[in-house]
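Bear in mind the structure is a predicted one, so any value in this text is a computation, not a measurement. A note on names: the letters A, B, ... follow the listed sequences, proteins ahead of strands, and every chain is numbered from 1.
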Amino acid sequence: MELLNPDQWVDKYADYLYNYTIVRVNDHIVAQDLISETFLAGLKSKNNFKGEATERTWLISILKRKIIDYYRKINSKKGKAEVHISYRDDDSEGDWLEENAADPFDKTAEDKMENRELGLAILECLDQLPEKQARIFKMKTVENFDTEAICKEYNITPSNLWVIIHRARKSLAECLEKNWFN
Amino acid sequence: MKFFLKCDDAAHVCDKTQYKEAGLFDKLMLKIHLLMCKLCRGYAKRNTKLTKTIQSADIKTLSPEEKERLKTRLQDEIENGYNS
């Protein structure tokens with residue numbers, strides 16, 4: 001029995017893996033390379049997959065190693081992983097170390113991280129919907145395609161589309177209430 | 001002509017509102033319906049919350065071309081793997 005379906009990996013997991021990666025490497029091209037490498041590595045070690053985790057969790061575990069490898073590589077290029085702080089630059093008034101410490105009131109980085117986690121939670125919930133429903137919902141809501149364009153692509157009427165959207169929104173709200181808001 | 005919306009229609013207009021695709025008249029009818037219908041008020045509240053949640057998540061997606069490139073590369077590898 002085939003436990004994995006590599007044919008569907010890109011459609012099912014590429015966006016999820018991308019959102020996971022981009023917050024960690026912060027580079028669009030690098031993120032795509034890492035995802036591509038993850039898929040290829042997954043393909044190679046296909047036989048090691050025992051079906052204990054979901055396909056996505058398994059791919060994420062591969063991706064994590066790829067991200068670590070990536071940082072090892074760029075660090076070894078530099079020679080060492082050090083943090084350099086210049087104590088005197090033009091903006092600072094003295095050489096107080098406090099000036100260089102993180103500002104506890106600057107929460108944007110943390111918020112960003114939390115939002116990205118939320119994004120992953122949403123994509124995970126979408127994974128539980130019927131595939132076509134999830135894809136149409138994503139096109140409409142995340143990628144902001146016109147109703148008309150989606151109808152054309154999937155050969156459905158606008159009222160079909162709104163029924164699909166309605167069902168997707170209902171399931172998604174339920175799923176998020178269970179997994180995110182609690 | 002029915003003046004008041006039924007719950008199904010109200011839900012439909014409410015969904016459209018989430019994408020700013022509801023007309024002015026529909027929105028007015030929805031407002032009136034919501035005044036009278038507690039159940040739909042609950043739905044509308046939840047629906048709006050979902051919209052805000054999704055917006056704040058700022059989900060990134062790869063473009064269709066980028067996905068196609070990933071697919072081609074993966075597909076090549078699958079075929080090579082089966083041949084060797």
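Linking Ile, Leu, Val, Met, Phe, Trp and Tyr whenever their side-chain heavy atoms come within less than 4.5 Å leaves A:Ile68 and A:Ile22 in two separate clusters. Note: the hydrophobic cluster containing B:Leu50 does not contain B:Leu39 (ILVMFWY, side chain heavy atoms under 4.5 Å, direct or indirect links). Linking Ile, Leu, Val, Met, Phe, Trp and Tyr whenever their side-chain heavy atoms come within less than 4.5 Å puts A:Phe137 and A:Ile156 in one cluster. Grouping the Ile, Leu, Val, Met, Phe, Trp and Tyr side chains by contacts below 4.5 angstrom, directly or via other members, places A:Met139 apart from A:Val163. Residue A:Phe145 is grouped with residue A:Leu161 when hydrophobic side chains (ILVMFWY) are merged at heavy-atom distances under 4.5 angstrom, including chains of intermediate members.
The heavy-atom pair separating A:Ile122 from B:Ala57 by the smallest distance is CD1-CB, 3.7 Å. Considering all non-hydrogen atoms of both residues, A:Pro6 and B:Ile78 come closest at CB-CD1, 3.9 Å. In this structure, B:Leu70 and A:Ala14 approach most closely via the heavy-atom pair CD1-CB, 4.3 Å.
Using a 4.5 Å cut-off between heavy atoms, B:Glu68 makes no contact with chain A at all. For B:Gln55, no part lies under 4.5 angstrom from a heavy atom of chain A. When heavy atoms are compared at a cutoff of 4.5 Å, B:Thr51 approaches chain A by way of both its backbone and its side chain. For A:Trp180, no part sits under 4.5 Å from any heavy atom of chain B, backbone or side chain. Within the 4.5 angstrom heavy-atom criterion, atoms from both the backbone and the side chain of A:Gln32 approach chain B. A:Phe39 touches chain B through backbone and side chain together, each having a heavy atom under 4.5 Å away. Only the side chain of B:Arg46 comes within contact range of chain A, with heavy atoms under 4.5 Å apart. Heavy atoms closer than 4.5 Å to chain B are found nowhere in A:Gln8, neither backbone nor side chain. Proximity to chain B (any heavy atom under 4.5 Å) is restricted, for A:Glu177, to the side chain, taken from C-beta onward.
More than 12 heavy atoms of other shown residues, nucleotides or ligands fall within 6.0 angstrom of atom CZ in B:Arg41. Within 6.0 Å of atom CG in B:Leu28, more than 12 heavy atoms from other residues, nucleotides or ligands are found, so the atom counts as buried in its surroundings. Heavy-atom neighbours of A:Asn144 CG from other residues, nucleotides or ligands within 6.0 Å: above the threshold of 12. Atom CG of B:Leu24 has 12 or fewer heavy atoms from other residues, nucleotides or ligands within 6.0 Å.
For the pair A:His166/B:His12, no side-chain contact is recorded, criterion being any heavy-atom separation below 4.5 Å from C-beta on. Looking only at side-chain heavy atoms (C-beta outward), A:Arg116 and B:Asp58 come within less than 4.5 Å of each other. Within the 4.5 Å cutoff, the side chain of A:Trp162 has heavy atoms near those of the B:Asp15 side chain. Side chains of A:Lys170 and B:Tyr43 form a contact here, defined as non-hydrogen atoms less than 4.5 Å apart.
Here the NZ-OG1 distance, from A:Lys138 to B:Thr61, works out to 7.5 Å after rounding to the nearest 0.5 Å. Taking CG of A:Leu40 as the reference point, atom CG of B:Asp76 lies at 9.5 Å (rounded to 0.5 Å). Within the model, atoms OH of B:Tyr19 and OG1 of A:Thr141 stand 2.5 Å from one another, a figure rounded to the nearest 0.5 Å. Rounded to the nearest 0.5 Å, atoms SG (B:Cys14) and CZ (A:Arg169) are 8.0 Å apart.
Between the side chain of A:Asn19 and the backbone N or O of B:Ile59 there is no donor-acceptor pair closer than 3.5 Å. Side-chain N or O atoms of A:Asp15 include one that pairs as donor or acceptor with a backbone N or O of B:Leu62 at under 3.5 Å.
In this model, no donor atom of one side chain and acceptor atom of the other lie less than 3.5 Å apart for B:Arg69 and A:Ser36.
In this structure, B:Lys49 satisfies the cation-pi test against A:Phe181, with its NZ or CZ atom closer than 6.0 Å to the six-membered ring centre and inside 45 degrees of the ring normal.
Salt-bridge formation is not detected for the pair B:Lys71/A:Asp7: no Lys NZ or Arg NE/NH1/NH2 atom is positioned less than 4.0 Å from an Asp or Glu carboxylate oxygen. Between A:Lys140 and B:Glu21 there is a salt bridge, since at least one side-chain N of the basic residue sits less than 4.0 Å from a carboxylate O of the acidic one.
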